[in-house]
Amino acid sequence: MLALSSRLFGLSKLQLSSTMLPQIQTDESLTSYVRRSLFLNQLGAGMEAFKQLTTFPNLRNTEVKIIASALGWPGCYGFNRLIHNHTLKAVDYIFKSNQDFSYSQKQYIRDDVRFCDWKASFCPDCVRDDLKKLGYSYWRRFSTPFITVCYKHNTVLMERCPFCNKLFSQTAHPLDVMWQGCRGNYLNEAISLPNDDPLALRHAVMVHEICSSPYYLSYEGMIHSLRDKAASVTQHLSGESARQMNFLYYQMDALQDSLNIYVKINNASRHDESKLGLTKFIAKIYGGFSDVLGDLTAHEFEFRSIDSLWSTYQSGGIETANFVEEDSINGLGYWSCPNPCQWSKSEHSTDHLETKISRRYKCCNLIAS
Ligand SMILES: [Zn+2]
Ligand SMILES: [Zn+2]
């Protein structure tokens with residue numbers, strides 16, 4: 001990955017002006033935006049960086065920063081704004097511990113998460129609605145394999161082209177089919193397939209509502225609520241359903257035990273499990289998002305608006321999380337360690353070893369510095 005990053009690091013110097021780019025649309029996936037920009041302005045000055053992005057199998061930290069920068073959203077704030085509004089990874093960051101002061105923890109300075117790839121799926125009814133409203137359509141972040149149904153129209157998302165049966169992908173059938181069609185046909189001509197799986201719809205709606213939450217949601221509260229709910233639901237089930245619900249109870253119980261330990265030692269750096277998988281359990285147990293919110297309010301949690309943490313990243317810490325908040329106006333970064341853990345002081349701790357290494361924090365736009 002290092003080689004890829006350094007290649008793109010050079011590319012960041014190719015200036016893309018946000019005025020040349022189309023507006024990124026609500027819930028548009030990053031790969032849709034890259035391909036759509038190129039489709040509209042293939043030969044435009046500065047599009048070399050976007051062309052290069054299409055050669056990578058997926059978009060990670062460096063690639064997301066290039067898009068954010070091109071949109072005129074630089075720095076940590078712009079990076080997280082793009083992730084929050086245009087990738088499914090947002091779910092992982094909306095569920096949060098009170099001790100976490102960053103939006104995406106260390107992802108602003110690390111390159112180990114794939115934020116988006118080139119697989120895509122579409123709802124024919126959404127395409128038809130978009131054509132009426134915008135005159136064109138685009139690919140959404142709510143997509144297969146994780147989301148299988150359109151939350152708006154309750155139709156099965158199509159991951160294969162209805163005209164040639166190829167999977168939408170990076171090379172076999174690139175996303176341009178949305179704008180140039182296939183064999184003389186266009187995706188708005190596709191016949192939509194009604195969904196007959198109520199759980200798949202509930203899951204799609206739930207993920208959409210989680211992503212639309214104006215506030216962070218308590219991760220500890222969610223685990224606690226799922227555990228209690230699983231325990232009460234199990235009593236009314238039998239056979240395989242009861243066994244599955246019981247298994248979920250024990251999973252949540254074990255997770256809660258480990259979270260209790262992390263909370264006790266003030267260690268936000270440990271809360272880095274993927275929360276996306278949890279949404280399937282949430283949809284299974286809860287009728288709707290309002291029921292989830294009802295249960296979460298019973299837990300002590302600081303309500304923070306989503307964009308309040310976009311400027312902050314976790315700058316380090318193994319036993320104790322420490323943070324840097326970027327001040328893009330003054331070009332400064334403010335370091336803080338709000339919840340020091342007693343284990344960090346131990347000579348055997350990784351944090352203690354790190355204090356022996358001097359480190360320079362770059363600010364504010366890491367990719368441009
Ligand atoms: Zn739809
Ligand atoms: Zn096709």
Side-chain angles (χ1 to χ4, degrees), residues 22-40 42 51 54-55 57-58 84-91 116-213 276 279-280 282-283 287-290:
Q23 192 178 354
I24 192 164
Q25 292 298 321
T26 307
D27 293 323
E28 182 168 16
S29 74
L30 298 181
T31 42
S32 173
Y33 184 65
V34 168
R35 294 269 3 174
R36 191 162 65 83
S37 301
L38 284 167
F39 183 79
L40 292 171
Q42 185 78 240
K51 272 183 211 155
T54 65
T55 65
N58 44 61
H84 182 74
N85 290 316
H86 299 282
T87 78
L88 263 186
K89 288 299 284 180
V91 173
C116 189
D117 63 23
W118 300 94
K119 290 187 204 112
S121 54
F122 76 101
C123 158
D125 293 333
C126 279
V127 172
R128 286 187 274 274
D129 284 357
D130 287 344
L131 285 181
K132 275 187 216 148
K133 198 173 138 206
L134 300 167
Y136 61 90
S137 190
Y138 55 92
W139 303 90
R140 261 74 174 175
R141 61 169 158 167
F142 303 112
S143 179
T144 53
F146 197 70
I147 306 289
T148 55
V149 172
C150 170
Y151 74 90
K152 235 187 239 175
H153 299 103
N154 195 19
T155 55
V156 176
L157 295 178
M158 296 186 176
E159 55 185 353
R160 285 182 181 274
C161 176
F163 312 115
C164 70
N165 204 35
K166 278 186 194 159
L167 274 171
F168 302 118
S169 65
Q170 184 176 21
T171 50
H173 210 27
L175 307 190
D176 294 23
V177 63
M178 178 66 81
W179 310 290
Q180 67 186 17
C182 173
R183 300 178 177 176
N185 301 291
Y186 288 86
L187 298 188
N188 63 309
E189 296 163 33
I191 298 163
S192 43
L193 182 65
N195 165 53
D196 58 5
D197 178 353
L199 183 57
L201 173 66
R202 217 157 68 215
H203 181 234
V205 173
M206 189 68 79
V207 170
H208 175 256
E209 293 197 322
I210 288 169
C211 287
S212 308
S213 170
L276 207 47
T279 58
K280 292 206 167 153
I282 299 172
F289 186 61
S290 55

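Order of listing sets the numbers, starting from 1, for every ligand and every atom in it.
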> Carefully, step by step, assess Arg35 and Asp176 under the rule salt bridge (Lys or Arg N to Asp or Glu O under 4.0 Å).
CA-CA 7 Å; Arg35 294 269 3 174; Asp176 294 23; 2.8 Å; yes
> Work out the angle at the Zn ion (ligand 2) between SG of Cys161 and SG of Cys164, rounded to 10°.
110°
> Checking side-chain contact (heavy atoms from CB on, under 4.5 Å) between Met158 and each of Pro124, Cys123, Ser121, which is the one that passes?
Pro124
> By the definition side-chain hydrogen bond (donor to acceptor under 3.5 Å, both in side chains), identify the one residue from Trp139, Tyr33, Tyr136 that meets it with Gln25.
Tyr136
> Rounded to the nearest 10°, what angle sits at the Zn ion (ligand 1) between SG of Cys126 and ND1 of His153?
100°
> Any chance you could measure Ser32, atom OG, to Arg141, atom CZ, to the nearest 0.5 Å?
13.0 Å
> Relative to the Zn ion (ligand 2), which of the N, O or S atoms in His173 is the closest?
NE2
> Could you please compute the angle at the Zn ion (ligand 1) from SG of Cys123 to SG of Cys150, rounded to 10°?
110°
